[in-house]
Amino acid sequence: MRSFGVTLPERNIRMVEKRGCEDGRVIERVRETLFNSAGEIGLEIERNEIQLERPKDLSNGDLSSNIAMLTAVKTRSNPRKLAERIVDKISFDTDFVDRIEIAGPGFINFFFSVKHLTNQVLEINRAKESYGDLDIGRGKRIQIEFVSANPTGPLVLVSARAAAVGNALVNLYRKAGYDVESEYYFNDVGSQVKKLGVSLMARFRQSRGEEIDFPEDGYPGEYLIDIAKQIPIGKGEEWVRLETNKGVNEFTGFALEKMIELIKKDLEFFGISFDLFFRESALHRSNGEIDQLLEIMKEKDVIFENDGALWFRSSDFGDEKDRVVIRGDKSPTYFLADAAYHLNKLRRGYDRVIDIFGPDHHGHLKRLKAASTLFGGDKDWLEILTVQWVRLIENGKEISMSKRGGEYITLNELVSDVGRDAAKFFFLMRKNHAHIDFNLSLARKKSDENPVYYVQYAHARISSVISFASENNVEFPENWECVRLLEEPEEIDLIRKLVVFPQLVEGAVLMNDPNRLTTYVQEIASSFHHFYHICRIVSDNSRLSQARLLLAEATRIVLAESLRLIGVSAPREM
RNA sequence: GGGCGAUUAGCUCAGCUGGAUAGAGCGCUGGCCUCCGGAGCCAAAGGUCGUGGGUUCGAAUCCCACAUCGCCCUCCA
């Protein structure tokens with residue numbers, strides 16, 4: 001059930017009122033009418049308290065209000081009788097509402113007229129891919145940071161999931177009228193990165209025939225062997241001869257550039273792009289954000305010294321204990337750098353910032369939010385979402401991944417195996433914060449069992465029918481009056497599902513929940529197949545054919561746009 | 001010990017910020033192409049929504065407790 005009313009947070013109410021599409025205007029008209037009628041019989045109720053829902057079961061109408069049940073409690077009256085009194089007072093032109101029923105314990109149900117519904121088919125055809133565009137963001141600047149995996153290895157499954165989720169959110173927020181920037185943060189500083197350099201040096205020396213042990217805590221993956229081969233031999237040998245620290249630095253620098261290149265390639269292979277790649281090293285310059293943040297922390301008196309290190313009193317902000325920000329060796333911790341990074345974001349002027357974290361970062365969450373309020377970020381300025389682990393299941397069994405052997409399944413391997421579309425779709429079939437068992441065997445299948453193909457098939461089928469119609473001289477009509485001929489239950493059912501799209505986008509944005517789209521798109525496909533089976537599109541009746549062609553095209557538009565939002569292709573044929 | 005999440009049909013999961021008779025896919029059973037793509041459609045079977053309390057006109061949904069499972073809890077990043 002969708003509901004728009006009393007329990008909604010402030011910003012949600014505003015959004016509902018600002019919705020631009022015709023469907024939204026209709027909801028407002030119904031709300032207005034109910035408000036007036038309730039006033040006439042002396043009920044005291046706020047406009048925004050009036051909830052309007054779309055019943056799950058369409059036999060309960062297109063819009064349903066529980067106003068009578070809510071007010072019955074206050075006025076100690078029978079909700080059904082109260083509903084009757086309200087309905088008696090309702091008088092508006094029945095252009096879009098066909099009838100009003102009182103049902104169940106006192107629901108007031110509005111049934112849209114066929115005329116109104118068929119008009120929506122025209123609206124979708126007119127709007128095309130802009131159907132469902134909202135202006136709830138009103139141009140506010142929002143930054144979405146995601147993946148941000150360390151440049152110490154190729155991207156693995158969790159990163160792939162974060163990439164799919166982040167990419168879908170970027171698309172959704174843009175569609176909702178936000179000015180969105182996507183960003184990837186590279187931790188190109190610190191001990192992990194240094195380990196990368198040490199590992200690469202070892203690989204290089206091994207490649208020159210030296211029999212040395214690989215460092216125990218190094219990165220054992222094969223990718224470093226490949227990168228070692230790319231080092232010009234003269235250079236590499238020179239670096240080996242340098243004083244150890246300097247030499248490692250050279251290898252680190254080389255490894256970093258190659259890793260960043262590799263990660264960007266992986267992302268491109270997956271079909272994910274970023275507006276900006278930000279490097280942590282930019283924060284470390286003298287009097288950069290790290291220094292500035294330390295100053296702020298000192299001013300606010302939230303810092304103390306202990307054991308030669310500087311600590312942040314994060315326990316005062318809900319963290320379980322205090323955290324080191326400057327280590328005994330004077331180097332800043334990862335946490336301090338990340339907090340400084342967010343200071344940098346704030347200064348760039350974003351109205352809101354969303355971070356998508358992997359599951360291994362969730363302990364980091366509270367202290368980062370605490371830090372962001374320290375330097376002036378409003379409580380809701382920074383929002384942190386987490387995505388959970390992905391387990392790969394093949395033939396009903398988990399594919400075990402051993403960290404020690406460096407045997408991760410990479411993004412690249414997954415996408416090569418099942419394809420971009422299936423990978424993205426499967427990652428978006430669950431809520432972000434729930435674990436996923438990724439069914440490899442199913443994702444691989446190019447058959448009806450695989451939901452991605454089921455949906456894409458519907459799109460291809462529609463495209464094919466439209467071509468078929470054209471070959472048989474059924475074209476899109478000049479005069480769109482023919483949509484009035486749409487009246488079969490299968491046609492009306494399909495239309496009713498299509499018109500939900502703008503609200504679906506709104507809900508997905510409000511709840512940061514792109515997985516709603518994967519469910520929706522399957523429902524649309526199912527309704528279309530059903531309609532297709534019962535109602536012949538191209539027939540001897542040319543006006544009816546044209547009307548159904550418009551409905552098919554409207555379906556195609558909604559399908560294609562939904563798929564675009566989740567980053568999945570909508571093939572014309574397959 | 002502390003924290004986050006999960007628990008819904010045989011399996012994998014939806015359930016849209018509390019609504020009406022809890023839905024889909026797969027699997028199983030039985031049907032549907034002289035006709036626009038059968039990668040499709042229809043029908044049937046299948047449920048104490050983990051357990052126990054609470055709030056509410058109304059709870060799978062919110063609150064509390066408990067159980068089971070997964071993950072996290074470095075002066076790593």
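In what follows, every chain begins at residue 1, and chains take the letters A, B, ... in the order their sequences are listed.
Ranking B/A14, B/A20, B/C41 by closeness to the A/Phe107 side chain, first place goes to B/A20. With B/C16, B/C57, B/A77 as the choices, the nucleotide that has an atom nearest any side-chain atom of A/Arg516 turns out to be B/C16. Ranking B/C75, B/C41, B/A20 by closeness to the A/His530 side chain, first place goes to B/C41. The nucleotide whose nearest atom lies closest to any side-chain atom of A/Ser191 is, among B/G5, B/A77, B/C41, B/A77. Comparing B/A14, B/G37, B/A20 by their closest approach to the side chain of A/Tyr457 singles out B/G37. When distances are taken from the side chain of A/Val465 to each of B/A77, B/C36, B/A20, the shortest belongs to B/C36. Closest to the side chain of A/Asn515, from the set B/G15, B/A77, B/G37, is B/G15. The side chain of A/Lys431 has B/G15 as its nearest neighbour among B/A20, B/A77, B/G15. When distances are taken from the side chain of A/Lys321 to each of B/A20, B/A77, B/C75, the shortest belongs to B/C75. Considering only the side chain of A/Tyr454, B/G40 comes nearest among B/G40, B/A14, B/G37.
When atom types are taken as modelled, the side chain of A/Ser64 and the backbone of A/Asn109 share no donor-acceptor pair closer than 3.5 angstrom.
If you check the side chains of A/Asn150 and A/Thr152, you find no donor sitting under 3.5 Å from an acceptor. No hydrogens or angles considered: a donor-acceptor pair under 3.5 Å links the side chains of A/Gln192 and A/Tyr219. A side-chain donor-acceptor contact under 3.5 Å links A/Asn512 and A/Tyr173.
Counting non-hydrogen atoms under 4.0 angstrom, A/His435 reaches a base of the nucleic acid. Note on A/Ser464: a base of the nucleic acid sits closer than 4.0 angstrom, heavy atoms only. A/Ala458 comes within 4.0 angstrom of nothing in the nucleic acid, heavy atoms only.
Using N1 to N3 plus N6-O4 or O6-N4 for Watson-Crick, or N1-O2 and O6-N3 for G-U wobble, each under 3.5 Å, B/G70 pairs with B/C4.
Under the side-chain contact (heavy atoms from CB on, under 4.5 Å) test applied with A/Val521, the options A/Val558, A/Leu504, A/Leu565, A/Leu563 reduce to a single match, A/Leu563. The side-chain contact (heavy atoms from CB on, under 4.5 Å) test with A/Thr252 singles out one residue from A/Val193, A/Asp188, A/Leu200, and that residue is A/Val193.
In terms of polar N and O atoms assigned as donor or acceptor, the side chain of A/Asn109 comes within less than 3.5 Å of the base of B/A20 in a complementary pairing.
Nucleotides B/U61 and B/G23 are separated by 15 Å at their C1' atoms, to the nearest Å. Distance noted for atom C1' between B/C33 and B/G18: 47 Å (whole Å).
The interatomic distance linking A/Glu523 (CD) with B/A14 (C1') rounds to 8 Å, in whole Å.
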Let me see the working for A/Lys345 and A/Glu183 under salt bridge (charged side-chain N to carboxylate O under 4.0 Å, His left out), right down to the final yes or no. CA-CA 11 Å; A/Lys345 291 186 189 189; A/Glu183 188 158 312; 5.6 Å; no

What protein N or O atoms touch nucleotides 30-35 of chain B N or O atoms at under 3.5 angstrom, if any, and at what distances?
unit_1 : atom_1 : unit_2   : atom_2 : d
B/C35  : O2'    : A/Arg536 : NH1    : 2.6
B/C35  : O2'    : A/Arg536 : NH2    : 3.2

